[in-house]
Amino acid sequence: MRETVGGNAADRSRTCSAQKELQERGEIRVIQLGFDLDAHGIVFTEDYRTRVLKACDGRPCAGAVQKFLASVLPASGDLSFQQDQMTQTFGFRDQEITHLVNAGVLTVRDAGSWWLAVPGAGRFIKYFVKGRQAVLSMVRKAKYRELALSELLGRRAPSAVRLGLAYHVHDLIGAQLVDCVPTTSGTLLRLPDT
């Protein structure tokens with residue numbers, strides 16, 4: 001799973017086009033990450049199916065999860081699901097929907113609607129958000145709110161950075177939370193003027 005990244009307009013256009021094509025073919029699923037409405041993860045459908053089956057193996061929710069994987073996943077590429085869609089279109093009862101939420105396959109969006117979710121992703125989201133904040137703080141505290149990429153990567157990572165410093169630097173660049181400024185001594189990461 002990764003967060004969708006930015007880039008120049010042509011790159012974003014190609015990325016969006018390729019993403020849409022893979023979604024239409026059912027090869028990938030887009031997941032709402034939960035900490036920001038614009039933050040989405042992308043996961044291969046087969047990896048998603050494997051993760052979900054592993055998470056619910058031997059649990060009371062296994063029947064509802066298998067029904068979801070067999071009927072909803074192949075038929076709908078949606079990021080969220082509504083009550084009437086789940087009950088009328090796909091034939092789920094309220095108890096089965098509760099099982100899907102308890103299994104981590106769906107997460108509550110608001111009353112009567114749910115986001116597609118990855119079981120156990122909460123820990124990743126927690127590490128991701130804390131790590132992103134910690135690395136942003138490192139840049140924010142630097143003189144002029146800018147830091148050489150090589151210097152940042154050479155520092156010891158704070159304890160909040162559990163996914164690796166390089167991972168979070170790439171995330172900040174891709175999410176356009178820092179500007180990359182080429183200099184004669186290497187790339188400089190600078191907080192954008194806001």
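The chain is numbered in sequence order, starting from 1.
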Keeping the roles fixed (side chain from [X], backbone from [Y]), state whether a donor-acceptor pair exists under 3.5 Å.
{"X": "Thr45", "Y": "Gly26", "result": "yes"}
{"X": "Arg29", "Y": "Leu79", "result": "no"}
{"X": "Ser71", "Y": "Lys67", "result": "yes"}
{"X": "Arg49", "Y": "Leu73", "result": "no"}
{"X": "Tyr48", "Y": "Ile28", "result": "no"}
{"X": "Arg51", "Y": "Pro119", "result": "yes"}
{"X": "Arg155", "Y": "Leu165", "result": "no"}
{"X": "Ser137", "Y": "Gln133", "result": "no"}

- Following the transitive rule for hydrophobic clusters with a side-chain heavy-atom cut-off under 4.5 Å over Ile, Leu, Val, Met, Phe, Trp and Tyr, establish whether Ile173 and Val135 coincide in one cluster. yes
- Item | Single-linkage hydrophobic cluster, 4.5 Å side-chain cutoff, Leu153 and Val181 together | no
Calculate, to the nearest 0.5 Å, the distance between atoms [atom1] and [atom2] belonging to [X] and [Y] respectively.
{"X": "Thr187", "Y": "Asp179", "atom1": "OG1", "atom2": "CG", "result": "12.5 Å"}
{"X": "Glu96", "Y": "Cys61", "atom1": "CD", "atom2": "SG", "result": "11.5 Å"}
{"X": "Leu188", "Y": "Cys180", "atom1": "CG", "atom2": "SG", "result": "9.0 Å"}
{"X": "Leu152", "Y": "Leu172", "atom1": "CG", "atom2": "CG", "result": "8.5 Å"}
{"X": "Leu189", "Y": "Glu151", "atom1": "CG", "atom2": "CD", "result": "10.5 Å"}
{"X": "Arg145", "Y": "Leu136", "atom1": "CZ", "atom2": "CG", "result": "9.5 Å"}

If I compare all heavy atoms of [X] with all of [Y], which pair ends up nearest, and what's the gap?
{"X": "Ala62", "Y": "Cys56", "answer": "CB-O, 3.7 Å"}
{"X": "Val30", "Y": "Leu116", "answer": "O-CD2, 4.2 Å"}
{"X": "Ser113", "Y": "Gln82", "answer": "CB-OE1, 3.3 Å"}
{"X": "Met86", "Y": "Trp114", "answer": "CG-CZ3, 4.2 Å"}
{"X": "Ile31", "Y": "Ala117", "answer": "CG2-CA, 4.1 Å"}
{"X": "Pro192", "Y": "Val178", "answer": "CD-CA, 4.0 Å"}

- Message: Just checking Arg25: does its CZ atom have more than 12 heavy atoms from other residues, nucleotides or ligands closer to it than 6.0 angstrom?
- Response: yes
- Would Val65 and Arg59 count as a side chain to side chain contact (heavy atoms under 4.5 Å, CB included) if you check the C-alpha gap in whole Å, the side-chain angles of each, and the deciding distance to 0.1 Å? CA-CA 10 Å; Val65 168; Arg59 293 178 55 197; over 6 Å; no
Taking the side chain as every heavy atom from C-beta outward, state whether [X] and [Y] have any atom pair closer than 4.5 Å.
{"X": "Val72", "Y": "Thr89", "answer": "no"}
{"X": "Arg132", "Y": "Leu177", "answer": "yes"}
{"X": "Val161", "Y": "Tyr167", "answer": "no"}
{"X": "Val105", "Y": "His99", "answer": "no"}

- Under 30°, 30 to 60°, or over 60°: which ring-plane class applies to Phe81 and Phe68, parallel, tilted or perpendicular? perpendicular
- Please test Phe44 against Leu22 for side chain to side chain contact (heavy atoms under 4.5 Å, CB included), starting from the C-alpha separation and ending with a verdict. CA-CA 9 Å; Phe44 286 108; Leu22 289 170; 5.6 Å; no
